Student: 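I have a structure I would like to understand better, so I am pasting it below and will then ask my questions one at a time.
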There are 2 protein chains.
Amino acid sequence: MNLEAKKMPRAKRVTRRPTLADIAKEVGVSSATVSLALNGSPLVADETVRRVTEVARKLNYRPHAIARRLSTGRSETVSLFVLGGGVYGNGLFYPSSWIFYSLIFKGISITLAQHKYYLQFQILNLADGDGYDKIARQVMERATDGVLLLLQDECKFCSVRELATLEIPVVTINRKLSPNLGSVQIDNKQGAIDAVDYLLRLGHTRIAHISGPANSYNAQDRQAGYLEAMQQAGLQVPDGYLVQGDWQMESGYDLLQQLMALPVPPTAVFCSNDHMAIGAREALSEMGVSVPDEVSLMGFDDSEVSRIGVPRLTTVKQPLENLGAIAAREILAWKMDKPNGVRHTVILPSLVERDSCARVPI
Amino acid sequence: MNLEAKKMPRAKRVTRRPTLADIAKEVGVSSATVSLALNGSPLVADETVRRVTEVARKLNYRPHAIARRLSTGRSETVSLFVLGGGVYGNGLFYPSSWIFYSLIFKGISITLAQHKYYLQFQILNLADGDGYDKIARQVMERATDGVLLLLQDECKFCSVRELATLEIPVVTINRKLSPNLGSVQIDNKQGAIDAVDYLLRLGHTRIAHISGPANSYNAQDRQAGYLEAMQQAGLQVPDGYLVQGDWQMESGYDLLQQLMALPVPPTAVFCSNDHMAIGAREALSEMGVSVPDEVSLMGFDDSEVSRIGVPRLTTVKQPLENLGAIAAREILAWKMDKPNGVRHTVILPSLVERDSCARVPI
DNA sequence: CTGTTAGCGCATTCAG
DNA sequence: CTGAATGCGCTAACAG
């Protein structure tokens, strides 16, 4: 019977799972044939396939993933590294923009699973030595077939050059690190342009911008979008209308007061993220200035907080799950037709209308 | 030289990485000795170790992880499954409690990395067929040495029995699924007791509770804590003081109005999560009732939103990173001394004092 | 202390 | 269409 204790070549072996050889013996063919049959090769006779699959099911056979990987030379695994730290001492999770890691993860996970790939996950703290060695180790050990780098906005990752030498696909998410590495990101600039255009259509001309920190690429792009949209509209940015925050609510709060103290205060403020917009809303509320009747407020991110408090924020939403899915597909595609080379994808965000913007007061 | 093109047994092979055999040949020992030397075995002569490591470095040798795994029978991998869906149509990410996935991930990732384990990650949507087969597949394929299940609060996972037959360690996070599976969770009940005790110490006696949905284990436990603390204090829970929300802000908003409409309204309200507390705060603010001067508000989670708006919420914080770390260690430990068997860990949350609670008004 | 010898379980030629 | 042989790279027993 199939339950008979086989001789156990290694002592530790307790329960032995059936192998190709077991099936082969029972069916009366060779293990090679079983392998072919189970993998749907057209070379095997239908009748043989039938008998093989039947016995395989009976024995509750499962291929040994690791043996398969060794034999094929593919690890069937893609690694996701989340690069954090180095800026905010607390470690990784950027309070404002990165709540929605989850959605990116989801997009990656689902896409990879659909293609029978495993997803390996590791958080790297750039604070302790860049972490490039951790990535390299996985690659050199051949534990992974592709690398996804989820870059936090401001993180300083210095080993870009080395990455390109890894001989496996690398895709950066959220930022283009190098022309030699694939990348997927949101079009922050266009998102900002859309936001400002929306305010323009509402009749605003005195539009201020609370930007994010100078070392943030996202903040830079959004600011560039703001400037471009204003210029397109033939509007000067008055002195003092462009101020710089640090993503935190508090800075939105402070900077808004600064803006309203201007000789000619703005009628609309485009904030580079939702948190700062909420801080601004609070300041306005304390000053007794009505949002959106007297001042319109625009956020960015469509983060959870944008739905909290009154009025709820009009903001710019990023298709994050899609972002993850595209990144994963990029890795997968690379394995097919590497010749096509590196690709850089930029996807468009969309405006979410809520209650914090209105026509300019007369 | 070591750059000479070796005969390539399989055509696809392009760049060949050095193997143990290459080192062995160059040093003039057997590959077994090289293996032992590189793994720090005391059986090898110091001089040999020196020469081996030197050549290994020279050739830029890296062990092939997959070959090692096949040989040792350990996959060096732990799998994390996030079980979601099935309740909230939107998929997985529970709006209220699960923002902080990230912190749990971080705890797991770091702990596993410290022990040279890889972390595999997969999101499962229980809506499409429980997902047990996805877990089983990884295990049966021997692609993983241990399973971590991150259970969303209300998710209905029905294949518990099968899990126990997997012959590898399984630890559930956030809930105890079965006495046969390890578990790590927050002591929600004690957290609730602490919260209510805090209000009691402030002199409140008319303390109401906005609970979470009935199908939520977390909500049940917190509610039980509320009831126990009240009873300990010798206080009756007046009719209408215990109401049930659905985690969302809106329900907090609605239920608070209901509470204040009571003949004898509460002076303090303990909400089962921060979002409902914020809804309650909004309702109070609209009614012109001051928080915390007239009514105290207590949240739960210490989620990001608890720091937004005025007054900031006093709430109960969960040590989530620690939760992840413990879960990971549990898996690792299991491999050492399985005999000790399954463990169930419950860790204590802590109170975070902010501005939404004050002494009872006279 | 070191070398020899077997596997690990599967995929893949290449004959038949 | 099927089987025998071989290799993937490493580890583990055992013999020297």
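Keep in mind it's a predicted model, so treat the numbers as computed, not measured. Lettering of chains follows the sequences in order, A, B, ..., and the numbering in each one begins at 1.
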Student: Please report the closest heavy-atom contact between A:V34 and A:V52, naming both atoms and the distance.
Tutor: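 So the two residues come closest at CG1-CG1, 3.8 Å.
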
Student: Holding to salt bridge (Lys or Arg N to Asp or Glu O under 4.0 Å), I want the full list of residues that pass it with A:E162, two or more places apart in sequence or in another chain.
Tutor: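 With neighbours one apart ignored, the set is empty.
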
Student: Rounding to an integer number of Å, can you tell me how far A:K25 NZ sits from C:dG9 P?
Tutor: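 Atom-to-atom, A:K25 to C:dG9, this comes out as 14 Å.
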
Student: For A:A32, which residues count as a side-chain contact (heavy atoms from CB on, under 4.5 Å) partner, sequence neighbours excluded?
Tutor: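 Expected list: A:S30.
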
Student: Return the CG to CG distance between A:L103 and A:N322, rounded to the nearest 0.5 Å.
Tutor: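 It is 11.0 Å, given to the nearest 0.5 Å.
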
Student: Can you name the side chain to side chain donor-acceptor pair (under 3.5 Å) partners of A:E76, sequence neighbours left out?
Tutor: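 Side chain to side chain donor-acceptor pair (under 3.5 Å) list for A:E76, sorted by chain: A:R68.
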
Student: What's the separation between atom CG in A:L119 and atom CD1 in A:I108, rounded to the nearest 0.5 Å?
Tutor: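 Spacing of CG (A:L119) from CD1 (A:I108) equals 6.5 Å.
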
Student: What's touching nucleotides 1-3 of chain D from the protein side, N or O pairs under 3.5 Å?
Tutor:
{"residue": "D:dT2", "atom": "OP1", "partner": "A:T48", "partner atom": "OG1", "Å": "2.5"}
{"residue": "D:dT2", "atom": "OP2", "partner": "A:A45", "partner atom": "N", "Å": "2.8"}
{"residue": "D:dT2", "atom": "OP2", "partner": "A:T48", "partner atom": "OG1", "Å": "3.2"}
{"residue": "D:dG3", "atom": "OP2", "partner": "A:S30", "partner atom": "N", "Å": "2.7"}
{"residue": "D:dG3", "atom": "OP2", "partner": "A:T33", "partner atom": "OG1", "Å": "2.9"}

Student: Starting from the first five and the last five pairs of the helix from C:dC1-D:dG16 to C:dG16-D:dC1, work out the angle between the resulting helix axes, to 10 degrees.
Tutor: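 The end axes of the helix from C:dC1-D:dG16 to C:dG16-D:dC1 are about 40° apart, to the nearest 10°.
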
Student: Could you please name the option among C:dT12, D:dT11, D:dC8 that lies closest to any side-chain atom of A:S35?
Tutor: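 Among C:dT12, D:dT11, D:dC8, the one nearest the side chain of A:S35 is C:dT12.
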
Student: Taking only residues two or more places apart in sequence or in another chain, which ones pass salt bridge (Lys or Arg N to Asp or Glu O under 4.0 Å) with B:R50?
Tutor: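 In terms of salt bridge (Lys or Arg N to Asp or Glu O under 4.0 Å), with neighbours along the sequence ignored, B:R50 is linked to B:E47, B:E54.
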
Student: Let me know the distance between CD1 of B:I23 and P of D:dG9, rounded to the nearest Å.
Tutor: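 Rounded to the whole Å, the gap is 13 Å.
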
Student: Can you label the angle between the B:F105 ring and the B:F121 ring as parallel, tilted or perpendicular, going by 30° and 60°?
Tutor: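 Plane angle over 60°, so perpendicular.
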
Student: If I take atom NE2 from residue B:H64 and atom CZ from residue A:R142, how far apart are they, to the nearest 0.5 angstrom?
Tutor: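 Here the interatomic distance stands at 5.5 Å.
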
Student: Can you measure A:L38 atom CG to C:dT12 atom C1' for me and round it to whole angstrom units?
Tutor: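 From A:L38 CG to C:dT12 C1': 16 Å.
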
Student: Between C1' on D:dC10 and CG on B:L70, what's the gap in Å once rounded to a whole number?
Tutor: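 It works out to 8 Å between those atoms.
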
Student: How many Å lie between OH on B:Y61 and P on D:dG9, as a whole number?
Tutor: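 Going from B:Y61 (OH) to D:dG9 (P), I get 10 Å.
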
Student: Which nucleotide sits closest to the side chain of B:H64: C:dC10, D:dG9, D:dT11?
Tutor: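 Of the options given, the side chain of B:H64 lies nearest D:dG9.
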
Student: Whole Å only: how far is the CZ atom of B:R62 from the P atom of D:dC10?
Tutor: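 Atom CZ in B:R62 sits about 13 Å away from atom P in D:dC10.
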
Student: Within this structure, what is the CG-to-P distance between A:D22 and C:dG9, rounded to whole angstrom?
Tutor: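 Computing the A:D22:CG to C:dG9:P distance gives 9 Å.
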
Student: Rounded to whole angstrom units, what separation is found between the CD1 atom of B:I66 and the P atom of D:dT11?
Tutor: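 About 14 Å, once rounded to whole Å.
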
